[in-house]
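To start, the structure itself, in structure tokens.
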Amino acid sequence: MKNNTTIQENDLEKQVTEDGSVTIARKESGLLYRSSHGAQQESTKVFVQGAQLPHIKEQWSVFELGFGTGMNFSTTRRFAQEHNVLLHY
């Protein structure tokens, strides 16, 4: 493995996780960006439930440092719609 901290686009590939959501993997090292057990599950448990967002009833204001693949945003948006809550992201 090269000692290179720069990730090249051709070293990345999409990988479907156990819950059917997609994560990104490095071809050379096999490292995953999200859990192989379920990127969507991980986002729901750690980001949405971890912040206790479903218990906030009127509006959610979220500041995420590092957008990454957008999984936390899409999960939060879906939960906000399901709970009929205004989302500021």
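All values derive from a computational prediction rather than experimental measurement. In this chain, residues are counted from 1 in sequence order.
Following chains of ILVMFWY side-chain contacts shorter than 4.5 Å, one cannot reach Met71 starting from Val62, and the two form parts of different hydrophobic clusters. Put simply, Ile56 and Phe47 are part of the same group of oily side chains (I, L, V, M, F, W, Y) that touch within less than 4.5 Å, one to the next. Val22 and Ile24 are not part of a single hydrophobic cluster, where members link through side-chain heavy atoms under 4.5 Å apart.
Note that CG of Leu12 is 8.0 Å distant from NZ of Lys27, once rounded to the nearest 0.5 Å. Distance CG/Leu53 to CZ/Phe79: 9.5 Å, rounded to 0.5 Å. Put simply, NE2 on His83 and CD on Glu58 are 14.5 Å apart, with the number rounded to the nearest 0.5 Å. From Trp60, atom CH2 reaches atom NE2 of His55 across 10.0 Å, with rounding to the nearest 0.5 Å. Between the OH atom in Tyr89 and the CZ atom in Arg77 there is a gap of 12.0 Å [rounded to 0.5 Å]. Summarising the geometry, atom OG1 belonging to Thr75 is positioned 11.0 Å from atom CD belonging to Gln41; distances are rounded to the nearest 0.5 Å.
No side-chain donor-acceptor contact under 3.5 Å links Gln40 and Asp19.
Pairing each heavy atom of Ser43 with each of Asn72, the nearest pair is OG-OD1, 2.6 Å. Residues Asp11 and Arg26 approach most closely at OD2-NE, 2.7 Å, considering heavy atoms. Of all non-hydrogen atoms in Ser21 and Gly38, the two that sit nearest each other are OG-C, 4.1 Å.
The residue from Lys14, Glu13, Gln15 that alone fulfils the side chain to side chain contact (heavy atoms under 4.5 Å, CB included) condition with Thr23 is Gln15.
Within the hydrophobic cluster formed by Ile, Leu, Val, Met, Phe, Trp and Tyr side chains joined at under 4.5 Å, directly or through other members, Leu65 is accompanied by Phe63.
Side-chain contact between Arg78 and Thr44 is present, with heavy atoms from C-beta onward closer than 4.5 Å.
Residues that satisfy the side-chain contact (heavy atoms from CB on, under 4.5 Å) test with Gln59, not counting sequence neighbours, are Ser61, Leu86, His88.
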